[in-house]
Amino acid sequence: MQKWKWTLIIIAAVFGITGCSGGSNLADANTISVQKDGSIKQVIVEQFERSYYNVDELSEMAQKKIDQFNNGADNIVCDSIKTKDGKIIVEITYQTGTDYSDFNNRELFSGTVEEAEAKGYSLKHAVAVDGSDINEEQLAGIAQNHVLIVQTKEGEELDVKVYDKILYTSGNVIPSGKKDVYIGAEGEDMLSYIIFQ
């Protein structure tokens, strides 16, 4: 039963192995990065008890799930899988935000502010990186800027990286660099957004 539970966790976290190669930089925490070409890179970091679980067996089960989703395409590709300091670290590329959303069963939108608002997202409570509120005039002036909207589940922490300078975020986001933010664990599912140049 415990082994099956761990298998489900791995599958839910997209622990695929086909096409994996070495050589990429390993993150220390769960991370999502939005790329200029619209693809989404995900790094999953989980504790791994090597003495009890067989990584090859669990990864094979997860890969079957990825293959079913891809249906002969390459919508999801595993870039690398490694173990480090008792953790398993997996790097995945999704061709689009929709692929990420559909596979992980959580919301993710990547596009312009104007496109986000047309889809019903409200960004009027955004705050600048210095903590000041955004007004309607400023919001109208950034219609063509980019926004990443991502859902985190209850108790989940997430680092988010974008490809240009961050201008505004939702109030639950903590800037950690010019192009990076940290989303802390909350007691419920929530949406966070990052508006950038």
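The analysis underlying the following values was restricted to heavy atoms, covering all of them including side chains, and did not include hydrogens, waters or symmetry mates. FYI, the numbering just counts along the sequence from 1.
- When side chains are defined from C-beta on, Ile76 does not count as touching Gln95, because their heavy atoms never get closer than 4.5 Å.
- Looking only at distances, no side-chain donor or acceptor of Glu154 sits under 3.5 Å from a matching main-chain atom of Glu188.
- The distance from the NZ atom of Lys41 to the OG atom of Ser33 is 8.5 Å, given to the nearest 0.5 Å.
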(request) Please report the C-alpha distance between Glu186 and Lys153 in whole Å, then the side-chain angles of each, then the deciding distance to 0.1 Å, and finally whether the salt bridge (Lys or Arg N to Asp or Glu O under 4.0 Å) criterion is met. (result) CA-CA 8 Å; Glu186 296 288 342; Lys153 299 292 186 179; over 6 Å; no
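- At least one donor-acceptor pair closer than 3.5 Å links the side chain of Asn30 to the backbone N or O of Val45.
- Note: the hydrophobic cluster containing Val181 also contains Val150 (ILVMFWY, side chain heavy atoms under 4.5 Å, direct or indirect links).
- A distance of 10.5 Å separates CD1 in Ile134 from OG1 in Thr169, rounded to the nearest 0.5 Å.
- Interatomic distance, OH of Tyr193 versus CG of Asn172, reported as 8.0 Å (0.5 Å rounding).
- Of all heavy-atom pairs spanning Lys124 and Leu139, the tightest one is CA-CD2, 4.0 Å.
- Across all non-hydrogen atoms, the minimal contact from Ala126 to Tyr168 is CB-CB, 4.0 Å.
- Taken from CD1 in Ile194 to NZ in Lys179, the straight-line distance is 14.5 Å, to the nearest 0.5 Å.
- For an aromatic pair to be called close, the ring centres must be under 6.0 Å apart, and Phe109 with Tyr121 satisfies this.
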(request) Kindly indicate, with the supporting measurements, whether the criterion side-chain contact (heavy atoms from CB on, under 4.5 Å) is fulfilled by Ile183 and Glu157. (result) CA-CA 6 Å; Ile183 302 171; Glu157 298 178 13; over 6 Å; no
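- Remark: side-chain polar atoms of Asp180 are not paired, donor with acceptor, to backbone N or O of Ser176 under 3.5 angstrom.
- Residues Val129 and Leu167 are not in side-chain contact: their nearest non-hydrogen atoms beyond the backbone lie 4.5 Å or more apart.
- Comment: Lys119 does not engage Glu114 in a salt bridge, judged by the lack of any side-chain N to carboxylate O separation of less than 4.0 angstrom.
- Using a 4.5 Å cut-off between side-chain heavy atoms of Ile, Leu, Val, Met, Phe, Trp and Tyr, with links allowed through other members, Ile166 and Ile149 fall into different hydrophobic clusters.
- Asp37 places a side-chain N or O within 3.5 Å of a backbone atom of Ser39 that can act as its donor or acceptor partner.
- Under the 4.5 Å side-chain contact rule for hydrophobic residues, Ile142 and Val162 do not share a cluster.
- With ring centers used as reference points, Tyr163 lies under 6.0 Å from Phe196.
- Formation of a donor-acceptor pair under 3.5 Å by the Ser101 side chain with backbone atoms of Asp99 is not found in this model.
- Minimum interatomic distance between Leu148 and Ser110 (heavy atoms only, all atoms of both residues): CD1-CB, 4.0 Å.
- Distance alone, capped at 3.5 Å, is enough to place a donor-acceptor pair between the Asn70 side chain and the Asn75 backbone.
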(request) Step by step, work out the side-chain contact (heavy atoms from CB on, under 4.5 Å) result for Cys78 and Val90. (result) CA-CA 8 Å; Cys78 177; Val90 180; 4.3 Å; yes
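- The side-chain heavy atoms of Arg106 and Glu156, taken from C-beta on, include a pair separated by under 4.5 Å.
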(request) Kindly indicate, with the supporting measurements, whether the criterion side-chain contact (heavy atoms from CB on, under 4.5 Å) is fulfilled by Tyr94 and Asn104. (result) CA-CA 11 Å; Tyr94 303 85; Asn104 290 287; 3.2 Å; yes
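- Atom-to-atom distance recorded for Gln138:CD and Asp133:CG is 9.5 Å, nearest 0.5 angstrom.
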(request) Go through the steps for Val173 and Tyr182 under the test side-chain contact (heavy atoms from CB on, under 4.5 Å), then give the verdict. (result) CA-CA 6 Å; Val173 167; Tyr182 166 76; over 6 Å; no
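- Contact detail for Ile195 and Asn145: the closest heavy-atom pair is CG2-CB, 4.3 Å.
- Thr96 contributes atom OG1, which lies 8.0 Å from atom CD1 of Ile40 (distance to the nearest 0.5 angstrom).
- Checked options Leu158, Leu191, Asn105; the residue passing with Gln151 is Leu191 (criterion: side chain to side chain contact (heavy atoms under 4.5 Å, CB included)).
- Of all non-hydrogen atoms in Ile92 and Asp79, the two that sit nearest each other are C-OD2, 3.7 Å.
- In this structure, Thr112 and Gln144 approach most closely via the heavy-atom pair CG2-O, 4.0 Å.
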